Amino acid sequence: MKLSIQHLLGLKDVSQNDITLILDTADNFYEVLQREIKVVPTLRGKTVVNLFYENSTRTRLSFELAEKRLSASPINFSSSTSSVKKGETLRDTIRNIEAMKIDMVVVRHSSPGVPLFLTKCTDAVIVNAGDGAHEHPTQSLLDMMTIRRKAGKLAGLKVSIIGDILHSRVARSNAWAMTTMGMDVTLCGPPTLLPQHPETLGVTVTDNIQQALCDADIIMLLRLQLERQAAGLFPSIREYRERYGLDLEKLEMAPKDAIIMHPGPINRGIELASRVADGERSVILDQVTNGVAVRMAVLYLLGGGE
Ligand code: CP
């Protein structure tokens, strides 16, 4: 089976068949990762550049680990220690890296559209590891893998994504992909942190957390992106926590078997209380574990692995 896409730029236009193929392949790699020897030879001889212009812990390390588990050769680029600091353009940077004979590029950048731009500058396969507030497709794929492994299905499940939706590439990728997979998606947050045209996302939007929690199968909290709040989009962190922060008291409004997710990093005590983040209904660390398998699947399927 092959994907119908050549690059993974986002999930907006990715089909149900392609998403299912990635998730099925990730489940197979999950089994590989339980073995004593966790390495397979499928991408031997391929070189993957991890081109990170923004900070990352989970995405960067799990891509590098996935590349090593697939026997590819990872090369790590960090803009803060590169000639970007001397003024080199993105186009020149990628053209020079390509001249060293590489096969795939995993890119994170603060500007939406950079992964698409790179497809015009290089013949390498491009994988989006987060571009501004646009998309974070592998995060959404690992979220869906985690839900599917817990619930045994995706279609028909209700997911409520709560928090700073406006600045969230995770919310956008999940809104598109989860609706493609037949899930019922609700986005919840202060009116100033909600999307202006929710109809383009095919989701329900509310500023009422009780409405978002009362019948959710999955509750996903998002990080309040404090670095982007200069415009006074909500009155205070205290007020935000009181209205939208998930603690044990608000969790009482949700069904008893609803699971708790967060893409990380968590602002503990703001969008999520530690007793919920570390509680028995939390699958936050499962998300991180599954991220390696999902990234192995994406690299394998796009990299022409055998
Ligand atoms: N979820 C996520 O993208 O985390 P990092 O920013 O640490 O990669």
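All residue numbers in this chain count up from 1 along the given sequence. Since we're looking at a predicted model, the values are computed, not measured. Both counts, for ligands and for their atoms, begin at 1 and track the order of listing.
Around atom CD of Glu88, more than 12 heavy atoms belonging to other residues, nucleotides or ligands sit under 6.0 Å away. Annotation for Arg44: atom CZ does not count as buried by contact number, only 12 or fewer foreign heavy atoms lying within 6.0 Å.
For Phe77 and Phe52, the ring centers are positioned 6.0 Å apart or more.
Tyr30 carries Arg149 over the face of its six-membered ring, with the cationic atom under 6.0 Å from the centre and within 45° of the normal.
Between His134 and Trp176, the angle of the ring planes goes over 60°, which puts this pair in the perpendicular group of the 30/60° scheme.
Ligand 1 lies under 4.0 Å from heavy atoms of Ser56, Thr57, Arg58, Thr59, Arg108, His136, Gln139, Pro263, Gly264.
Considering only residues two or more places apart in sequence or on other chains, Phe63 meets the ring pair (Phe, Tyr, Trp, His ring centres under 6.0 Å) condition with none of them.
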